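What follows is a set of notes on a single structure, which appears directly below.
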Amino acid sequence: MRKFDTKVQHLKYKVLREVARHAWKGDLAEKIPDIPKEIIPGKESTMRCCIYKERAILSERIKLAMGGDRGNPNVIEVIDIACDDCPASGYEVTDFCRGCLAHRCEDVCPRDAITFDSHLKAHIDKSKCINCGKCAQACPYTAIINRKRPCENACKVKAISPSPVDGSASIDNDKCISCGACVYQCPFGAVSDKSFILDVIDIIKKSENNSKYKVYAIVAPSISGQFSYAGATLGQVVEGIRKLGFHSVVEAALGADMVAMKETKELVEKGFLTSSCCPAFVSYIQKNFPNIVEHISHNFSPMAELGNFIKNNDPDSKIVFIGPCTAKKMEFQLEKVRPYIDSVITFEELQALFDSRNFVLTDFDETPLDNASYYGRIFARTGGLSDAVAQAIKELGIKDFELNGISCDGIEACKVELLKASKGKSSYNFIEGMVCAGGCIGGAGCLTHGPKNKTEVDKYGMEAHEKTISESIGFVNSLKKE
């Protein structure tokens with residue numbers, strides 16, 4: 001059974017796997033030129049015009065797998081040479097145009113960009129068109145459409161546009177929130193996230209089997225169901241992570257329990273709050289709604305909260321977060337988070353690590369995760385944080401505060417509610433924002449996407465349904481005293 005949704009993901013995985021394989025062996029530097037031939041052997045092209053272009057693009061993918069352009073602060077980058085087959089964006093007249101007499105499209109065009117041929121069919125002069133869309137709205141036949149490149153269509157914050165130099169995709173870092181929607185949607189894989197997989201391998205190797213320092217893996221709850229394609233249980237996946245060289249595997253849901261309690265207290269104290277768990281949502285507010293930045297929860301995300309706890313108890317430890325989120329790769333580099341998280345990889349990269357070591361997950365014994373509550377685990381889906389806050393209010397015995405929250409599913413829903421809040425017109429006192437559709441289960445770094453993942457997260461959460469948030473926090477406090 002396929003491990004990924006698309007062939008683009010599979011190609012990206014193969015590059016990561018081979019880079020990781022040679023990194024474990026210690027011969028990566030000398031083998032870099034050979035990797036494109038290892039992935040695409042022979043002389044026949046399979047994806048592009050010729051084998052030479054395919055391998056040239058693979059060389060660029062290898063650079064991204066090795067960390068990409070270190071001078072570019074964004075973790076999302078464009079492979080220019082791979083971005084050359086998408087038609088130019090803009091409004092076009094289709095064959096649906098009937099050459100009508102009304103010419104409404106011509107009448108509404110503010111730049112006189114529309115003319116008609118001898119058959120009265122409309123044409124748009126691209127040199128005059130400003131892409132206002134009035135012609136498309138006016139056409140009674142819906143014969144005028146707005147064609148957008150997949151990456152532009154996927155980017156709801158309008159951070160991607162054609163480069164004026166060569167027409168390839170260009171990312172505006174001042175607008176980009178590193179959500180990775182463009183990464184998943186680009187059919188050529190020309191937009192991709194840079195990888196820190198080599199940093200993780202280096203951390204593991206230098207620990208010398210955890211004798212120099214302990215290496216912890218913090219695993220996002222959306223991992224449930226991600227590796228079930230081959231019949232592997234979550235416990236076997238956890239054991240696989242341990243066998244990669246990690247001392248301990250801790251579920252990020254424990255950090256979510258900690259955040260739920262702290263964020264609830266902050267909400268009650270301040271009266272209005274936006275969540276801080278989704279780094280892309282926080283970045284979106286910071287870049288587009290500066291007047292409500294002060295209302296973003298001052299608490300860490302579950303990843304950073306748990307990393308902070310581990311580092312306070314084991315200062316020499318190294319911590320790697322494993323999850324579905326490309327924006328986490330930006331978050332861990334923030335000044336306030338960097339002391340607690342050493343690196344971040346996605347589930348795609350975890351799969352590459354497993355296969356670089358030839359692991360067969362179903363051969364492993366099970367190592368259970370039993371740290372968090374049901375409410376911490378369902379942070380992985382939209383609405384999970386709001387449910388946890390409602391539960392925390394009950395457990396804290398707060399009587400004089402009524403939660404009136406909204407869970408925003410996807411960037412467009414977030415935009416609508418944040419616009420209201422920025423104008424003082426929101427009717428809610430708590431805004432939970434999840435930039436990816438469905439929440440973390442829809443993250444760009446997932447192996448698979450779809451409604452099945454929500455079911456798996458809820459099922460995973462129910463395994464801890466008897467444990468309250470308070471009991472989970474009690475477990476943390478007991479460790480703090482040891």
Side-chain angles (χ1 to χ4, degrees), residues 4-16 19 32 35-36 39-40 45-92 124-131 133 145-195 280 283 287 326-327 329-330 346 348 411 435 444-445:
F4 306 99
D5 287 343
T6 69
K7 291 182 179 179
V8 170
Q9 280 183 288
H10 191 227
L11 178 62
K12 177 182 176 183
Y13 146 80
K14 287 194 285 188
V15 172
L16 289 165
V19 167
I32 289 175
I35 293 177
I39 295 175
I40 307 179
S45 62
T46 58
M47 297 172 284
R48 298 283 183 163
C49 59
C50 66
I51 192 70
Y52 305 106
K53 183 167 184 176
E54 287 187 5
R55 288 175 179 163
I57 293 173
L58 277 180
S59 295
E60 295 301 312
R61 296 191 190 283
I62 291 169
K63 291 178 183 177
L64 279 174
M66 295 176 64
D69 180 4
R70 300 284 178 167
N72 180 2
N74 199 342
V75 297
I76 309 297
E77 295 188 7
V78 177
I79 303 174
D80 294 342
I81 192 175
C83 181
D84 62 356
D85 286 284
C86 290
S89 300
Y91 285 87
E92 291 185 5
I124 298 175
D125 185 340
K126 293 291 186 179
S127 66
K128 295 180 179 179
C129 179
I130 58 173
N131 292 314
I145 61 173
N146 184 17
R147 294 190 184 277
K148 284 188 177 182
R149 295 179 175 187
C151 58
E152 287 184 78
N153 203 41
C155 182
K156 305 305 180 184
V157 298
K158 298 181 180 180
I160 296 183
S161 60
S163 167
V165 178
D166 59 6
S168 63
S170 177
I171 299 175
D172 184 342
N173 288 349
D174 291 332
K175 294 181 179 179
C176 180
I177 56 176
S178 304
C179 65
C182 54
V183 174
Y184 180 67
Q185 290 298 333
C186 179
F188 285 93
V191 188
S192 188
D193 54 313
K194 61 179 66 170
S195 176
S283 179
K287 293 184 176 184
T326 53
K329 293 182 177 182
M330 291 294 288
T346 63
E348 289 178 323
I411 188 64
V435 164

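Treat the numbers as computed from the prediction; the structure is a model and nothing was measured. Here, residue 1 is the first one in the sequence, and each next residue gets the next number.
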Separation between OG (Ser168) and CD1 (Ile81), nearest 0.5 Å, reads 11.0 Å
- prompt: Between Thr326 and Ser178, is there a donor-acceptor pair closer than 3.5 Å when you use the side chain of the first and the backbone of the second?
  reply: yes
query = Is there a donor-acceptor pair closer than 3.5 Å between any side-chain N or O of Gln9 and the backbone N or O of Asp5?
reply = yes
In short, Cys179 meets Val435 closest at the heavy-atom pair CB-CG1, 3.7 Å
> Is it true that a side-chain atom of Lys126 and a backbone atom of Tyr91 form a donor plus acceptor pair closer than 3.5 Å?
Replying inline: yes
*asked:* Would Leu16 and Ser195 count as a side-chain contact (heavy atoms from CB on, under 4.5 Å) here? Give the steps.
replied: CA-CA 8 Å; Leu16 289 165; Ser195 176; 3.6 Å; yes
CD (Glu77) and CG (Asn72) are apart, to the nearest 0.5 Å, by 5.0 Å
Open item on the list: When you measure from the side chain of Lys194 to the backbone of Asn74, do you find a donor-acceptor pair of N or O atoms at a distance under 3.5 Å?
Closed with: yes
Rounded to the nearest 0.5 Å, the CG atom of Asp193 sits from the OH atom of Tyr184 at a distance of 14.0 Å
When every non-hydrogen atom of Ile79 is compared with those of Gly189, the smallest separation belongs to CD1-O, 4.0 Å
Separation between CD1 (Ile76) and CD1 (Ile160), nearest 0.5 Å, reads 8.5 Å
Is there a donor-acceptor contact under 3.5 Å from the side chain of Lys63 to the main chain of Asp69? no
- Would Asp80 and Glu60 count as a side-chain contact (heavy atoms from CB on, under 4.5 Å) if you check the C-alpha gap in whole Å, the side-chain angles of each, and the deciding distance to 0.1 Å? CA-CA 9 Å; Asp80 294 342; Glu60 295 301 312; over 6 Å; no
- prompt: Is there a side-chain contact (heavy atoms from CB on, under 4.5 Å) between Ile145 and Arg147 once you walk through the steps?
  reply: CA-CA 6 Å; Ile145 61 173; Arg147 294 190 184 277; 3.7 Å; yes
> Any sub-3.5 Å donor-acceptor pair from Ser170's side-chain atoms to Pro162's backbone N or O?
Replying inline: no
